[in-house]
*Asks:* 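Before we start, here is the structure in question, set down as structure tokens.
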Amino acid sequence: MWDFFETVRHRHSVRQYQSGIAVEREKLNAILEMACAAPSAGDLQSYKIFVVEAVEKRLALSQAAENQEFIAQAPVCLVFCADHKRSSEMYGERGEKLYAIQDATIAASYAQLAIVAAGMASTWVGHFSEQTVAEIVENEEGSVPVALLSVGYPAELPEQKSRRRMDEMVSYI
Ligand SMILES: Cc1cc2nc3c(=O)[nH]c(=O)nc-3n(C[C@H](O)[C@H](O)[C@H](O)COP(=O)(O)O)c2cc1C
């Protein structure tokens with residue numbers, strides 16, 4: 001098992017997956033367990049995670065994301081939804097507008113790193129029709145899809161993406 005820093009360095013967005021190789025159930029469970037271990041406002045875990053494996057639903061998700069084909073190619077797609085209603089019940093407008101989205105996206109970040117530690121790869125997808133994805137996963141009212149993660153065994157090794165210089169984002173004050 002890689003140490004944490006190696007795991008972060010080896011995470012790249014992968015958009016080609018090995019066809020016919022499923023994600024093992026125990027690995028998927030371990031990834032979901034890590035997602036649910038993420039911090040959340042008031043420990044409310046104001047999110048829902050839908051695990052999409054059925055090929056016709058993955059195809060529909062891919063179409064809802066302007067035909068990003070790798071979503072259908074990957075054997076699993078995780079759909080992270082912010083549960084605005086749950087967070088608003090304790091934190092009002094700040095919970096509804098901010099914490100629910102933060103809770104869901106932190107959980108997705110944890111999942112993305114766990115996927116690498118489990119020897120697989122993913123891509124975070126934010127470009128999709130919220131309404132269509134909500135219909136595909138039969139999501140309840142009050143909770144809104146915020147991120148998709150395609151998950152599978154990689155069939156490409158993407159080049160390291162460049163990053164801005166750290167001092168453009170980080171200030172010591
Ligand atoms: C909020 C968000 C939305 C993104 N949406 C998409 C997307 O719709 N399609 C896609 O192929 N990649 C998407 N990405 C992946 C980024 O393009 C990718 O993380 C970035 O180019 C850096 O590359 P790396 O992940 O390999 O380091 C998204 C990433 C984030 C964090």
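Ligands are counted one by one from 1 in listed order, and the atoms in each one are counted from 1 as well.
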*Asks:* Would you mind listing every ring pair (Phe, Tyr, Trp, His ring centres under 6.0 Å) that reaches into residues 95-127, with sequence neighbours excluded?
*Replies:* Tyr91-Tyr99
*Asks:* Taking side-chain contact (heavy atoms from CB on, under 4.5 Å) as the test, write out the residues that go with Glu168, two or more places apart.
*Replies:*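 Once residues adjacent in sequence are excluded, the partners of Glu168 under the side-chain contact (heavy atoms from CB on, under 4.5 Å) criterion are Arg164, Arg165.
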*Asks:* Mark yes when over 12 heavy atoms from residues, nucleotides or ligands other than Met169 sit less than 6.0 Å from its CE; otherwise mark no.
*Replies:* yes
*Asks:* Collect the protein residues that have a non-hydrogen atom under 4.0 Å from ligand 1 and hand them over in chain and number order.
*Replies:*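 Under the 4.0 Å cut-off, ligand 1 touches Arg11, His12, Ser13, Arg15, Gln68, Phe70, Thr123, Trp124, Val125, Gly126, His127, Lys161, Arg163.
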*Asks:* Salt-bridge test for Glu53 and Arg25: reply yes if a basic N is under 4.0 Å from a carboxylate O, no otherwise.
*Replies:* yes
*Asks:* List for me each residue that meets side-chain contact (heavy atoms from CB on, under 4.5 Å) alongside Val8, sequence neighbours excluded, and say none if there are none.
*Replies:*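 Here the qualifying residues are Phe4, Leu113.
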*Asks:* Within a radius of less than 6.0 Å around CG of Leu157, do more than 12 heavy atoms belonging to other residues, nucleotides or ligands occur?
*Replies:*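 No.
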